[in-house]
Every structure is written in structure tokens, then in C-alpha cells.
Trainee: 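Dropping the structure in here first, questions after.
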Amino acid sequence: MPPYPPSESPSLLTLEQLRFDNRLVRELPADPVNENFRRQVIGACYSRVHPTQVRQPQLVAYAQEVASLVGLHPEECRTENFTQVFAGNRLLPGMEPHACCYGGHQFGHWAGQLGDGRAINLGEVCNQQGEHWTLQLKGAGPTPYSRTADGLAVLRSSVREFLCSEAMFHLGVPTTRALSLVLTGEQVQRDMFYTGNPQWEPGAVVCRVAPSFTRFGNFEIFSARNELDVLQQLVNFTLRADFPHLGEPGPATYIAWFEEICRTTAQMIAHWMRVGFVHGVMNTDNMSILGVTIDYGPYGWLEGFDPEWTPNTTDAQGRRYRFGNQPKVALWNLAQLANAIYPLINDVEPLQAALDIYRQEYQQTWQKDMANKLGLSEFVEQDNELVDELHRVLQLTETDMTIFYRRLAEVDLQLERDLCEASPEQLLTPLDEAFYQRPALETLQPLIDWLQQYRQRLIQDYIQHGTTDEQRRARMNAANPKYVLRNYLAQQAIDKATEGDFTEVENLLALLRNPYDEQPHNQHYFAKRPEWARHKAGCSMLSCSS
Ligand code: AMP
Ligand code: MG
């Protein structure tokens, strides 16, 4: 008998009742070596490896929606058993822990074998709807792919991964999910900015959840090593497991598959650009085959709108992964994947055509998103100019992207009058909060001009589509989040959690469940980055050290 009343949640199970169906382990070639030491793994997709035991696991937070998603009763998350399992100390019946082999292009260069260096898949839960969800521990100790590193993760990066995964999901951005965040009770040494100054930090483990964690790099490694039979096995497996709607694997399905990856990747990037998310390390090993955001490392959220901005100090020189470059980098990454699967297709043309699909899909999605962000019923040719000018104007003075768009909905553009009679001051009042320093009126003149242009466009939209001001606002507020995981907010939660107070992690998780809602009691989170956070580590500067 399950301990929870069946009437309440008939399909939710206890931990011991979860059913595992480990297709990847069953169907793909395994590394014959079972010892856990660092090595090149040839001819295999994964290695069996056990999580490392930790001293004193303590639950920091869990996401009840993710528990339900995999079919687990959320009450189970409060048990000691849950903490032990998701710290890596205990395996549930049916779990078959393993780490996957992949390679990748890092910062534009082929890096050879990388692999799950600190991620261990526990297995694929099959829920009552028949969906498969892979449970993956991040930071649960070394694997054959750990290279020179320790396989561990620290609390600060784990809080960031846990919160951002869930925040992105609730924003409507495709992403891996996070079930749990556990402190290990052990200390981990990190040199945060690679300055020869290592510090001890609390260790932590996040359990991530996704239909699969396969990356572009999983295919690249077999192509680079010319292990074409393994490449084909992995592609066929991926098609059957994650893309069953495309039909039986074969040359035609390979192309349809790549086209779909181009499309979903384009949609994901358009979402990032809509909400002001900068991934920070868009290496091909950090690109999911499912078009979901994966690997939350030195990511950041735009505060002042600036296409040149990157949160990643490791990328400060080249700024390859800056906000405005993300659409191009994704295309470059897709081209690497195309190269990797080419030997199975032997025809360049359809792969090139698929890359064009990426360009089109990205452009269409971006235009639709921009129309929604501005409250327009459609994006027309002339809107390119309107948006270009807006992007220029947003950079005249440091202007908070999130606050600007949200407040733009509130500017009274007096659409019902013949002439806009409002004074510049009146027009700008709702936008005041978006400026980091209130600039002189002449600096803002281009913005006032832009608002007039925008107003004309809205009038046109009203004439053509009957869009009222109320409809405009509703449309804008559904596209422009009010609350995002601002870098300094995450840091505040980290600082508290480091002192043993997990309430701010909870508060942010709750806040970010409804990022488009007004939430008047949470108004204080709708605030620009405070000055103290401008140059503070963790708030404006992050590195790959995590
Ligand atoms: P990233 O760019 O952070 O996604 O990581 C690139 C590669 O380094 C991946 O193969 C990771 O598994 C690996 N890696 C990162 N941090 C660690 C760590 N602390 N221990 C072992 N491997 C790591
Ligand atoms: Mg990675």
C-alpha cells in the first residue's frame, strides 16, 4: 500500500515504486572497463560508474513540479531516503548509474573527449504516462571523463543551476529541469577566478531531469574518431528514443531529424533573446539535441540592455558568447553537428538547407517575439527599423531590459486622441525606473522620438487589427517577464544558503514560478541591480570555475 491516499494523487509513487527503463544503457555500446579512473574511452557511448559517497547530505531545496513530472509523490522529497538518493549515497532498485562519452568544440576549437566529468545518469524513470525522464546527478564525484578535475560541484553554482533551470521553465524557455539541491557536507576547493587563490567551499549535488542529456558533442566524438558504426548506433537510438514521431531511422529520417534540431534550437535561442538570457558557454558540448537549455554555468541575465555583454570572465577577451552573438553561435554549432553526422548522409545539400531552416525559423520566431514584446498583432517589414532604433536608444544610457519592456506597457500613448498631447516628462515617467542613472532630457530625446514612432505604429495596428491599449498591455505582459533570476538575486540566495539559511532559495523558487504575474507582495524583486553588485563576483562576473 502506498503511504499516500490514492484519491489525492492516484498516479504518484514512492521512491521505491519508481520504475526504471534504462534504454540508453541497454541499447548502446558500453565501456567494457568498470573501474573508475580517468581515460580515453574508445568505441563506447557510456561507462558504468557509481556516485561517490558523501559524509553528511542535507536537502536545500526541491521542485515539487519536477517530482510530479517523473511520477514521484512530492511528499517523498522530504524523506531522508530522498536526500540520500539524490546526494548519491543510495541507489534505488532499477537504477544503473553511468556517465556518457562526448567531445566538443570549446570556444571555436575542437577539444577532443570531454564527457560527463561530473554528471552521473542514475537511469530513466518511466512514469505512468509512459514518458521517460533521465535523472542525472551533477557534482556526485569523478567519472572516467573527469580529466584533471574532481567531479564535484560547489553550492554557489548548484544554487544557480537549480534556480535557473526552474526559472527558465516557468518563463516558457525550453530547458532541462532540476529536481533537487543537496549539500554534501564536504568541502570542495575552487579557484574562482583562476588567480592562484583557491578557497574551500561547500560541496553540493543537483539532480537534473530531462528526457535525455544528449549533446551535439555526443555525435561529434564518434565522427572525429571515425567510429562510424557507433555514431550510427547513437543516431538510430536517439531517433527511436527521443524522436519517435520521425519514423524508422534511415537517410531520410536523418535529414528530417537534423531539420528538427535546427528548428528547436532556433526557437530556444529566440527565447533567450526575448528574456535577456546569456548562456555564457555555448560550446557544442553544452548544446542539447532536444533544443533545451543545458548546463547552467557562468550564465547571466541582461541588466542594462547591451548586446556586447557576457557574464563569463573566461570569455571576456573574445566575447564569443556575448548576448548579441548567441544566434550566430548556435548556427555555427549546428554546422559542427552537420559535419559530425555527414558521414551517415553523404550529401551536403540537405544539411545546408537545414541550416537555412535555422535562419528562417530564428528570424520568424524573433519577429513574432518582438511583435509581442511591443504589443503588436504582427511584425511587418517597417518594424525592423522600429526595433533597430529601439535597440540603439536602449544603449544611449544604461537601461534595464526587463524593467523597460514591462514599463513600456504602461506608457500612456493616448492612442484614442488625434495628437499625442503628453509632455516628454509624462511619457517617460513610467520608464524612469529602468534607467540606472537618470540622464539629461536631451540624452533621452531619441527615446521620446522613438515613442512617437511607436505610437504611430500602434495606431496603425489599431486601424488594421483593432488592437486596443488593453490588448496591447496583455500581449506585452505575456511576452515580457516581470521577474527574472537577476544575477544579484541569485547571489543573495547563495550568500544566505552558505550560512545555512535556505529561505531565499525557496523565496526565489516561488517568485519565479509566476514570472509574468504582477505579484504586488514581491514588488521589491522588480528592481535594478543595486550599485554594490555592479562589479561583485557572482553578480556581474562569473567564470567556468564551479
Ligand atoms: P563545461 O564547459 O563547464 O560544461 O564543462 C566542460 C567539460 O568539463 C565537461 O566534460 C564537464 O563534465 C567537465 N567538467 C567541468 N567541471 C568539472 C569538474 N569539477 N570535474 C570534472 N569534470 C568537470
Ligand atoms: Mg558542460
Side-chain angles (χ1 to χ4, degrees), residues 15 51-70 72-90 92 118-120 122 135-141 150-170 175-190 192 199-209 295-297 299 485-513 525 538-539 542 545-546:
L15 281 165
T52 301
Q53 297 286 309
V54 296
R55 208 168 300 149
Q56 208 175 38
Q58 184 187 7
L59 183 69
V60 175
Y62 67 91
Q64 58 190 46
E65 309 83 330
V66 183
S68 304
L69 191 65
V70 303
L72 180 66
H73 199 295
E75 283 295 316
E76 281 287 281
C77 302
R78 297 170 197 253
T79 62
E80 177 59 19
N81 198 19
F82 181 88
T83 303
Q84 293 294 343
V85 169
F86 293 104
N89 277 357
R90 236 176 247 170
L92 294 171
R118 56 165 165 179
I120 296 179
L122 295 173
L135 307 181
Q136 180 181 81
L137 301 185
K138 182 167 176 179
D150 57 12
L152 305 174
V154 292
L155 179 62
R156 68 182 148 80
S157 62
S158 305
V159 168
R160 286 168 51 81
E161 170 122 29
F162 176 81
L163 284 177
C164 203
S165 309
E166 290 307 288
M168 293 284 265
F169 171 77
H170 294 293
T175 178
T176 59
R177 304 294 300 273
L179 171 64
S180 58
L181 167 58
V182 176
L183 273 165
T184 60
E186 316 223 353
Q187 297 290 303
V188 174
Q189 210 174 28
R190 285 291 179 271
M192 207 198 296
Q199 307 278 322
W200 290 101
E201 300 187 43
V205 175
V206 169
C207 178
R208 309 197 285 195
V209 176
D295 274 8
Y296 292 92
Y299 67 83
L485 184 60
R486 291 174 178 274
N487 312 310
Y488 80 90
L489 293 178
Q491 188 57 41
Q492 285 175 327
I494 291 164
D495 289 344
K496 279 199 173 168
T498 307
E499 281 159 20
D501 176 355
F502 309 141
T503 51
E504 198 52 22
V505 175
E506 275 305 323
N507 292 345
L508 289 179
L509 182 62
L511 172 80
L512 297 168
R513 275 195 178 111
Y525 288 111
C539 296
L542 294 137
S545 166
S546 57

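The residues of the chain are indexed from 1 along the displayed sequence.
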Trainee: At their closest point, which heavy atom of Val60 faces which heavy atom of Glu506, and how far apart are they?
Mentor: O-OE2, 4.5 Å
Trainee: Looking at Ser158 and Ala153, what are the two nearest heavy atoms and their distance?
Mentor: OG-CB, 3.8 Å
Trainee: Take Ser545 and Arg156, measure what side-chain contact (heavy atoms from CB on, under 4.5 Å) needs, and give me the verdict at the end.
Mentor: CA-CA 10 Å; Ser545 166; Arg156 68 182 148 80; 3.9 Å; yes
Trainee: Test of understanding: with salt bridge (charged side-chain N to carboxylate O under 4.0 Å, His left out), list the residues that count as partners of Glu65, not counting sequence neighbours.
Mentor: Arg513
Trainee: Work out which heavy atom in Val505 is nearest to a heavy atom in Ala497; give both atom names and the distance.
Mentor: CG2-CB, 4.3 Å
Trainee: Among residues at least two apart in sequence or on other chains, which ones pass side-chain contact (heavy atoms from CB on, under 4.5 Å) with Glu504?
Mentor: Ala493, Lys496, Asn507, Leu508, Tyr525
Trainee: Side-chain contact, heavy-atom cut-off 4.5 Å: His170 with Leu512?
Mentor: no
Trainee: If the condition is side-chain hydrogen bond (donor to acceptor under 3.5 Å, both in side chains), which residues does Arg160 pass it with, not counting sequence neighbours?
Mentor: none
Trainee: Do the non-hydrogen side-chain atoms of Glu201 and Ser546 ever get within less than 4.5 Å of each other?
Mentor: no
Trainee: So which atom in Val206 and which in Glu161 form the shortest heavy-atom distance, rounded to 0.1 Å?
Mentor: CG1-CG, 4.3 Å
Trainee: Return the set of residues passing side-chain hydrogen bond (donor to acceptor under 3.5 Å, both in side chains) with Asn81 (not counting sequence neighbours), or none when no residue passes.
Mentor: Glu16, Arg90
Trainee: Could you report the tightest heavy-atom contact between Leu72 and Cys77, atom names first, then the distance?
Mentor: CD2-SG, 4.3 Å
Trainee: Above 12 or not: heavy atoms from other molecules or residues under 6.0 Å from CD of Gln56?
Mentor: no
Trainee: Within the 4.5 Å heavy-atom criterion, are Pro51 and Leu122 side-chain neighbours or not?
Mentor: yes
Trainee: Once side chain to side chain donor-acceptor pair (under 3.5 Å) is applied, what residue pairs with a partner in residues 176-187 remain, sequence neighbours excluded?
Mentor: Glu166-Arg177
Trainee: Got a sec, which residues hit side-chain hydrogen bond (donor to acceptor under 3.5 Å, both in side chains) with Thr175, two or more places apart in sequence or on another chain?
Mentor: Tyr296
Trainee: Might you work through the side-chain contact (heavy atoms from CB on, under 4.5 Å) test for Gln58 and Phe502, ending with a clear yes or no?
Mentor: CA-CA 11 Å; Gln58 184 187 7; Phe502 309 141; 3.6 Å; yes
Trainee: Quick check for you: to the nearest 0.5 Å, what is the distance between Leu163 atom CG and Leu509 atom CG?
Mentor: 6.5 Å
Trainee: Please list, chain by chain and in numerical order, all residues satisfying side-chain hydrogen bond (donor to acceptor under 3.5 Å, both in side chains) with Arg55, sequence neighbours excluded.
Mentor: none
Trainee: Any non-hydrogen side-chain atom of Leu69 less than 4.5 Å from a side-chain atom of Phe169?
Mentor: no
Trainee: Quick one: do the Gln491 and Asp495 side chains pair a donor with an acceptor below 3.5 Å?
Mentor: yes
Trainee: Quick one: CD1 on Ile120 to SG on Cys207, what's the gap to the nearest 0.5 Å?
Mentor: 12.0 Å
Trainee: Return the CZ to CG distance between Arg208 and Leu137, rounded to the nearest 0.5 Å.
Mentor: 10.0 Å
Trainee: Please round to the nearest 0.5 Å and tell me the distance separating atom CG of Leu179 and atom OG of Ser165.
Mentor: 11.0 Å
Trainee: Mind checking what makes side-chain contact (heavy atoms from CB on, under 4.5 Å) contact with Gln189, not counting sequence neighbours?
Mentor: Pro198, Trp200
Trainee: Sequence neighbours left out, what passes side-chain contact (heavy atoms from CB on, under 4.5 Å) with Asn89? Give chain and number order.
Mentor: Gln53, Val54, Pro57, Gln84
Trainee: Between atom CD1 of Ile494 and atom CG of Leu155, what is the distance when rounded to the nearest 0.5 Å?
Mentor: 7.0 Å
Trainee: When you measure from the side chain of Arg118 to the backbone of Leu152, do you find a donor-acceptor pair of N or O atoms at a distance under 3.5 Å?
Mentor: yes
Trainee: What residues form a salt bridge (charged side-chain N to carboxylate O under 4.0 Å, His left out) with Asp150, not counting sequence neighbours?
Mentor: Arg190
Trainee: Keeping the roles fixed (side chain from Ser68, backbone from Gln64), state whether a donor-acceptor pair exists under 3.5 Å.
Mentor: yes
Trainee: Could you grab the distance from atom CG of Leu181 to atom CG of Leu59, nearest 0.5 Å is fine?
Mentor: 7.5 Å
Trainee: Mind checking ring-ring contact (aromatic ring centres under 6.0 Å, His included) for Phe82 and listing every partner two or more places apart, or none if nothing turns up?
Mentor: Phe86
